[in-house]
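Data block below; observations after.
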Amino acid sequence: MRIGELARATGASVRTLRYWADAGLLDAARTESGYRAFDEDTAERVAFLRQAQALGLTLAEIRGVLELRREGVRPCAHVRQRLEAHLGAVRERIEALRALEDNLAARVEWARAEPAPECNEGCVYLTEGAAPA
């Protein structure tokens with residue numbers, strides 16, 4: 001199947017499919033006229049790539065999984081380690097976002113209570129330590 005057909009079948013953009021093919025994540029043969037030709041099972045590979053990216057894996061990490069598979073190694077332990085690492089990173093980001101939310105909420109509450117504060121430079125609402133803790 002040609003790249004446009006693959007794009008329609010998978011919902012991935014032609015640009016993304018070209019990038020993945022150039023990066024070696026998708027196998028594509030070339031027709032006599034130079035067009036990329038993909039096997040029917042490439043749609044499954046595209047679904048795999050999209051799911052892996054949705055879970056936070058980078059293309060380099062995904063390439064590593066595919067290389068293990070090509071070498072005949074079951075990548076489950078490797079993938080589990082990557083997922084655990086990403087879970088830890090997501091939990092850290094969530095914690096940071098919660099702290100940011102608390103900070104913003106306190107500043108908004110303070111700004112509503114003090115709609116006309118004295119400001120010398122910039123804005124007192126943005127000053128470090130200006131909002132009550």
Side-chain angles (χ1 to χ4, degrees):
M1 99 177 53
R2 291 196 13 200
I3 198 164
E5 296 169 314
L6 183 60
R8 283 188 294 282
T10 62
S13 71
V14 169
R15 184 176 181 184
T16 296
L17 296 173
R18 278 191 194 113
Y19 182 81
W20 287 347
D22 291 344
L25 298 168
L26 296 177
D27 296 325
R30 291 286 184 165
T31 64
E32 288 182 22
S33 55
Y35 291 107
R36 288 179 173 92
F38 297 93
D39 293 334
E40 294 297 322
D41 60 345
T42 305
E44 290 178 31
R45 171 68 63 91
V46 170
F48 167 78
L49 293 172
R50 293 176 96 181
Q51 180 63 32
Q53 281 189 311
L55 292 172
L57 273 68
T58 65
L59 292 181
E61 290 170 324
I62 296 167
R63 185 177 296 106
V65 171
L66 295 174
E67 287 171 4
L68 287 173
R69 187 54 96 175
R70 278 189 203 112
E71 294 167 4
V73 176
R74 292 185 63 198
C76 299
H78 174 76
V79 170
R80 186 173 45 253
Q81 289 174 344
R82 299 305 329 133
L83 292 175
E84 288 171 354
H86 283 285
L87 178 59
V90 165
R91 286 180 172 158
E92 287 175 10
R93 286 196 309 250
I94 289 170
E95 190 175 315
L97 285 171
R98 285 189 177 132
L100 176 61
E101 178 186 30
D102 291 345
N103 188 337
L104 288 170
R107 287 174 186 270
V108 167
E109 183 179 332
W110 181 63
R112 287 181 179 152
E114 299 288 334
E118 190 173 316
C119 283
N120 294 330
E121 187 174 322
C123 179
V124 70
Y125 296 145
L126 301 177
T127 305
E128 184 69 30

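Values in this document were obtained by computation on a predicted structure and should not be read as measured data.
The distance from the CH2 atom of W20 to the CD1 atom of I62 is 7.5 Å, given to the nearest 0.5 Å. In this structure, CZ in R107 is found 12.5 Å from CG in D102, a value given to the nearest 0.5 Å. For the atom pair L100 CG and R98 CZ, the distance stands at 12.5 Å (nearest 0.5 Å).
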Practice problem: With side-chain contact (heavy atoms from CB on, under 4.5 Å) as the test, would you mind laying out the steps for E118 and V124 before giving the verdict? | Solution: CA-CA 7 Å; E118 190 173 316; V124 70; over 6 Å; no
Practice problem: Verify side-chain contact (heavy atoms from CB on, under 4.5 Å) between V46 and R50, making sure each step is shown before the conclusion. | Solution: CA-CA 6 Å; V46 170; R50 293 176 96 181; 3.9 Å; yes
Quiz prompt | Candidate pair L49 and L26, rule side-chain contact (heavy atoms from CB on, under 4.5 Å), full reasoning | solution = CA-CA 9 Å; L49 293 172; L26 296 177; 3.7 Å; yes
Practice problem: Might you work through the side-chain contact (heavy atoms from CB on, under 4.5 Å) test for L25 and Y19, ending with a clear yes or no? | Solution: CA-CA 9 Å; L25 298 168; Y19 182 81; 6.0 Å; no
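Using a 4.5 Å cut-off between side-chain heavy atoms of Ile, Leu, Val, Met, Phe, Trp and Tyr, with links allowed through other members, V79 and F48 fall into the same hydrophobic cluster. L17 and L66 fall within a single hydrophobic cluster, where Ile, Leu, Val, Met, Phe, Trp and Tyr side chains are chained together by heavy-atom contacts under 4.5 Å.
In this structure a side-chain-to-backbone donor-acceptor pair under 3.5 Å is missing from R45 to D27. The backbone N or O of R2 lies less than 3.5 Å from a partner atom in the side chain of E5, making a donor-acceptor pair.
Residue Y35 places its OH atom among 12 or fewer non-hydrogen atoms of other residues, nucleotides or ligands, all under 6.0 Å distant. Within a 6.0 Å radius of CZ in R30, more than 12 heavy atoms belonging to other residues, nucleotides or ligands are found. Heavy-atom contacts from other residues, nucleotides or ligands closer than 6.0 Å to CZ of R70 number more than 12. In E109, the CD atom is not crowded: 12 or fewer heavy atoms of neighbouring residues, nucleotides or ligands sit closer than 6.0 Å.
When hydrophobic side chains of Ile, Leu, Val, Met, Phe, Trp and Tyr are connected at separations under 4.5 Å, I94 ends up clustered with V90.
Minimum interatomic distance between A37 and T31 (heavy atoms only, all atoms of both residues): CB-CG2, 4.0 Å. Nearest heavy atoms, L59 versus Q53: CD2-NE2, 3.4 Å. Summarising the geometry of P115 relative to P117, their closest heavy-atom pair is C-CD, 3.5 Å, with the distance given to 0.1 Å. For S13 against A7, the heavy-atom pair with the smallest separation is C-CB, 4.4 Å.
Sequence neighbours left out, the pairs with a member in residues 80-90 that pass side chain to side chain donor-acceptor pair (under 3.5 Å) are E61-R82, E61-H86.
By the 4.5 Å heavy-atom criterion applied to side chains, H78 and L68 are counted as neighbours.
Checked against side chain to side chain contact (heavy atoms under 4.5 Å, CB included), R18 has the following partners two or more places apart in sequence or in another chain: I3, V14, R36.
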